[in-house]
Structures are given as structure tokens and as C-alpha cells.
J.: 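Next up is a structure, given as C-alpha cells.
So that the names make sense, note that chain A is the first sequence line, chain B the second, and so on, each numbered from 1.
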There are 2 protein chains.
Amino acid sequence: MSQPRVFLVDDHELIRSGIRSELAGAVDIVGEADEVEAAVEMILERNPDVVLLDVHMPAGGGVAVLRALNGRCPEVRVLALSVSDAAEDVIAVIRAGARGYVTKNISGPDLLDAIYRVAAGDAVFSPRLAGFVLDAFSLEGAQLEAADVDPDLDLLTPRERQVLRLIARGYSYRDVATELVISPKTVESHVSSVLRKLQLSNRHQLSNWASERHLL
Amino acid sequence: MSQPRVFLVDDHELIRSGIRSELAGAVDIVGEADEVEAAVEMILERNPDVVLLDVHMPAGGGVAVLRALNGRCPEVRVLALSVSDAAEDVIAVIRAGARGYVTKNISGPDLLDAIYRVAAGDAVFSPRLAGFVLDAFSLEGAQLEAADVDPDLDLLTPRERQVLRLIARGYSYRDVATELVISPKTVESHVSSVLRKLQLSNRHQLSNWASERHLL
DNA sequence: AGTGCTCTAGGGGAAAACCCCGAGCCGACG
DNA sequence: CGTCGGCTCGGGGTTTTCCCCTAGAGCACT
């Protein structure tokens with residue numbers, strides 16, 4: 001690739017001007033916009049390689065642009081640019097489809113490097129941010145691990161766990177009994193133990209308890 | 001930082017040798033291991049800046065090493081190295097705490113670059129992989145968006161949605177009635193409508209339906 | 001030999017959930 | 001103005017859940 005074709009979105013003229021001068025000659029700036037609607041239209045029209053997108057803007061901010069772009073131009077990579085390094089902002093914009101996130105205190109050469117890397121399909125984050133993103137990413141998984149050593153779950157006997165699983169899926173006592181080839185009364189007995197041990201009062205709470213721990 | 005201190009984990013001597021020669025002089029290789037247990041011990045002992053970790057190994061592979069390391073040395077960054085670019089492998093190792101993932105067909109200079117970037121706290125992925133990772137990351141959020149326009153959910157009246165939410169949380173009819181200041185019979189009536197419209201047969205399925213759509 | 005836990009199972013009963021019926025009130029829409 | 005849909009209730013019924021109790025068989029540990 002010769003020079004990446006870059007589109008600038010930021011509601012502050014001063015910032016855009018600063019970026020232009022920092023990147024002058026090293027990239028091909030194919031357009032600019034200072035608000036959400038115009039940005040979306042022009043991006044769809046000019047199809048740049050990389051969009052430099054400010055996160056905080058009136059009318060929904062960068063996330064609004066990403067939503068509007070949706071999947072309509074997957075070959076356009078978006079590099080989010082922000083003064084904030086708050087975890088929520090980062091997560092939100094990544095969820096919306098950005099391929100990178102850098103803060104505005106980045107140096108000119110580093111920004112240039114980031115643009116080239118995003119253009120190449122790489123994921124780019126400021127060092128401090130990489131931590132946030134990957135930590136958040138591994139969170140859901142972490143809950144699962146925790147469940148394995150869940151002290152409450154250890155209280156249950158194998159049979160009780162087996163019954164719990166079926167009950168949580170919405171099986172009636174009779175269904176569970178048929179499935180496990182035992183009497184409905186026995187199922188009842190197991191459920192009773194489970195509820196007592198987990199300090200729950202009915203099977204609906206049980207369902208939620210199980211689904212929170214991804215036991216289904 | 002002068003030269004990053006790098007630790008090599010791979011069960012193939014040949015690979016380690018190749019990496020050593022590629023990186024010779026550019027990084028400080030402070031140790032090697034060819035299996036999980038030894039790797040964990042030596043990493044904890046030598047505290048390198050970066051661990052180059054093979055994903056596929058006997059006795060649990062790279063994921064096992066990451067789990068064992070757990071949070072015991074957060075300042076050690078792990079760069080996963082693998083022949084595979086299968087999404088599951090990538091996701092698993094990221095969830096376990098790796099800060100980067102590159103495939104073994106990477107060039108020497110690129111690997112060197114990746115190591116420096118990981119050492120600096122950056123997140124590094126092969127271009128093709130960045131897509132996988134970020135896509136997977138935005139998945140859970142995407143489900144939420146989809147729910148807003150869920151055709152089934154549109155069938156329900158506002159009151160029905162309100163009742164649905166409470167029921168799904170495990171409230172009894174009486175509780176819901178108290179909460180909404182209506183008769184239990186009315187709640188029953190709404191639940192009946194909801195079940196009919198969503199083609200479900202009982203409140204347990206309803207709970208699951210709601211929790212799948214993150215409506216709690 | 002006794003103790004304790006698990007799995008099994010039943011009786012009996014209160015409460016909740018679910019279903020089918022009808023019915024009144026109100027606002028929107030043609 | 002009539003009709004339709006949403007919201008509000010009730011009666012009366014079956015099924016399911018949940019709790020109380022008892023109790024035997026098997027197994028492990030002391």
C-alpha cells in the first residue's frame with residue numbers, strides 16, 4: 001500500500017488541523033467531518049482505508065458513527081481517538097466495531113505508526129489501554145473458572161448436581177424422574193436438598209443461579 | 001528499556017533454536033523450557049519481561065502455563081505463538097491472559113517488533129487474528145442490539161414486557177401483583193398472553209428466553 | 001458395631017402456576 | 001358510533017411445586 005487514505009472525524013477544528021499537520025505528506029487525507037451525520041455519509045461515499053474517529057462528539061459521539069456504519073463497509077478500519085482513557089469508553093467503542101483506540105496525547109510519529117498498523121488490519125491500543133481491553137475480554141471466561149471452584153457448588157452431591165442441571169433447564173419433576181429413571185418423589189427430595197444447601201427458595205431462583213454460572 | 005528479557009516456552013527444540021537465532025543480539029533470552037511445569041517455575045523465578053509461549057504443548061499447552069501463572073506476575077507479558085490461527089485457540093489463550101498472539105509463519109523482524117511492542121504493554125495480533133479477537137469481543141454486545149429489534153419482543157405490549165421482566169427474575173404472581181399494584185389474576189392474565197405470544201409453555205422457559213436475551 | 005451420608009421413596013397438605021371461561025372499562029381508529 | 005385491542009378482574013379447575021414427615025438400602029469411616 002502506498003499511502004493509506006485517511007478520513008478525519010472530530011468536532012474540534014483545532015484538533016483536525018493539528019492532526020493534518022502531524023500527518024502531512026505521510027498519509028492521504030481524503031476528507032473530514034465535524035459531526036455524526038455528515039461523517040457517515042462521506043465515509044460511505046469516499047471509502048477511506050482508515051477513519052480517525054473522535055469518541056466524544058455531540059449527537060451520540062463516535063459510537064453513533066460506528067453504529068450507523070454498521071457492517072456497510074467492513075473494509076474501512078476505524079481508529080478511535082479520545083482524550084479519555086476510561087474503560088467504559090474504550091469497551092463501548094470496541095464493541096461498536098472500532099479496530100483500535102489511542103488517546104490524544106499520542107505523538108505524531110506514534111499516531112502515524114498506529115494508522116499504518118490499523119490499515120494493515122492490525123489491532124492498535126495505547127499500552128495502558130491494551131490492559132483494559134484484554135482484561136474486560138477475559139472477564140466472562142473468568143466467571144466460568146470461578147464456578148468450578150464455587151464453594152456452594154461443592155456442597156452438592158453428584159446426583160444433586162445432575163438434578164439441578166435438568167431442573168434449571170425447565171424440566172418438571174416428572175420429566176426429570178423419567179430422564180433419570182427414578183421416582184418423582186426422589187427428584188423432589190433432591191431438589192429440596194439443593195434449595196436448602198444453596199439457600200434458595202424456589203426453582204426460578206435456581207434457574208437464574210445456574211444460568212449466571214453458565215451451568216446450562 | 002535496553003533489551004527486553006525474553007523467556008522461551010516450546011516443546012520443540014528446533015523451534016526454540018530457530019527463534020534464538022532470529023532474535024540473537026536484539027533481545028536478552030533469559031531462559032527456556034520445553035514443558036508446562038518447568039516453564040511455570042522458571043518464569044516465576046526469572047521474571048522476564050516477555051514470555052514467548054507455544055500454544056500447543058503436552059500437558060495442557062500454553063493455556064495451562066497461563067493458568068498456573070495466574071495473577072502471580074502481572075508484570076510479565078505473554079505473547080502466544082502458534083501454528084494455528086483457529087479462532088478457538090486464540091480466544092482461549094486471550095481469555096487465559098495472553099497479551100498477544102502471532103502465528104509461527106511470522107518473519108524474524110516482525111516477531112522482534114511484536115516482542116518490543118508487547119514488552120511496552122501493547123496488544124499484538126497478526127492482522128488476520130485481530131479481526132477474530134475483536135469480533136468475538138463485540139459478540140455479547142451485538143446480541144443485546146439484536147434483542148431491541150427482536151420481532152417476538154415487538155409482539156408484546158408494554159405492560160406485558162413489564163410483567164415478563166419481573167416473572168423472569170423469579171417473582172411469584174403475587175409479588176408481581178404487589179409490585180405493579182394490580183390483582184394476581186391480572187398478572188396471570190398477562191403471563192398467559194406472553195406465553196402464548198412467545199409460544200412458550202411455562203415460566204421456566206420464559207426465564208431462559210429472557211436471560212438469553214439479557215433482559216434481566 | 002455404630003455413625004453418618006447418599007440415594008431411594010412415599011403420605012399428606014399448602015401454595016403456586018397454569019388454563020379456560022366470561023366480563024367491564026377505556027382509548028384509538030375508521 | 002361501533003369495533004377492536006389493551007388492561008383490568010373474577011370463578012373454577014388441574015397440575016406442579018414445595019414443605020413437613022418417615023424410612024429402608026447401601027456404603028464408608030471409626
J.: Quick one: which of C:dC19, C:dT6, C:dC7 gets closest to the side chain of A:Lys197?
T.: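 For the A:Lys197 side chain, the nearest candidate turns out to be C:dT6.
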
J.: Could you give all pairs that pass the ring pair (Phe, Tyr, Trp, His ring centres under 6.0 Å) test and reach residues 166-190 of chain B, with sequence neighbours left out?
T.: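 Qualifying pairs: none.
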
J.: Going by heavy atoms closer than 4.0 Å, what residues in residues 176-186 of chain A are next to DNA chain C?
T.: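 Contacting residues: A:Ile182, A:Ser183, A:Lys185, A:Thr186.
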
J.: Any side-chain N or O of A:His190 under 4.0 Å from OP1/OP2 of C:dA9?
T.: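 For C:dA9, OP1/OP2 do not have a side-chain N/O of A:His190 under 4.0 Å.
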
J.: Quick check for you: among C:dT8, D:dG6, D:dT8, whose closest atom lies nearest to any side-chain atom of B:Thr157?
T.: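 Within the option list, the nearest is D:dG6.
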
J.: State whether A:Arg159 places a side-chain N or O below 4.0 Å from either non-bridging phosphate oxygen (OP1 or OP2) of C:dC7.
T.: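 No, no such contact exists.
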
J.: Scan side-chain atoms only and decide if A:Asp175 and A:Thr178 contain a donor-acceptor pair under the 3.5 Å cut-off.
T.: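 The answer is no; no qualifying pair exists.
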
J.: Which protein N or O atoms sit under 3.5 Å from an N or O of nucleotides 27-30 of chain C?
T.:
none

J.: For the pair made of CD in B:Glu188 and P in C:dC21, what is the distance, rounded to whole Å?
T.: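 So the two atoms are 14 Å apart, to the nearest Å.
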
J.: What nucleotide, of C:dC19, D:dT8, C:dC7, holds the atom closest to the side chain of A:Glu160?
T.: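 Nearest listed nucleotide: C:dC7.
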
J.: Looking only at the side chain of A:Ser189 (C-beta and beyond, no hydrogens), which of the listed nucleotides C:dA9, D:dC9, C:dC7 gets closest?
T.: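 Taking heavy atoms from C-beta onward, the closest nucleotide is C:dA9.
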
J.: Among D:dT17, D:dC18, D:dC7, which is the nearest nucleotide to the side chain of A:Val191?
T.: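 So the side chain of A:Val191 is nearest to D:dC18.
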
J.: Is there a side-chain polar atom (N or O) of B:Tyr173 under 4.0 Å from OP1 or OP2 of C:dA15?
T.: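 It does not, given that no N or O in the side chain of B:Tyr173 lies less than 4.0 Å from OP1 or OP2 of C:dA15.
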
J.: Per the side chain to side chain contact (heavy atoms under 4.5 Å, CB included) rule, which among B:Leu53, B:Val51, B:Val55, B:Ile19 passes with B:Leu81?
T.: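 Result: among B:Leu53, B:Val51, B:Val55, B:Ile19, B:Ile19 is the only option passing the side chain to side chain contact (heavy atoms under 4.5 Å, CB included) with B:Leu81.
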
J.: Show, in sequence, the C-alpha distance, side-chain angles and deciding distance for B:Leu180 and B:Leu166, and conclude whether the side-chain contact (heavy atoms from CB on, under 4.5 Å) test is met.
T.: CA-CA 10 Å; B:Leu180 301 182; B:Leu166 295 172; 4.1 Å; yes

J.: Checking all strands, does B:Ser193 fall into the base, sugar-phosphate, or nothing category for heavy-atom contacts under 4.0 angstrom?
T.: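 No contact at all - B:Ser193 keeps every heavy atom at 4.0 Å or more from the nucleic acid.
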
J.: Which nucleotide in the list D:dT8, D:dT17, C:dC7 gets nearest to the side chain of A:Ser172?
T.: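 Nearest to the side-chain atoms of A:Ser172, counting from C-beta on, is D:dT17.
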
J.: Separation of B:Asn202 atom CG from D:dT14 atom C1', in whole Å?
T.: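 My rounded result for the distance is 15 Å.
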
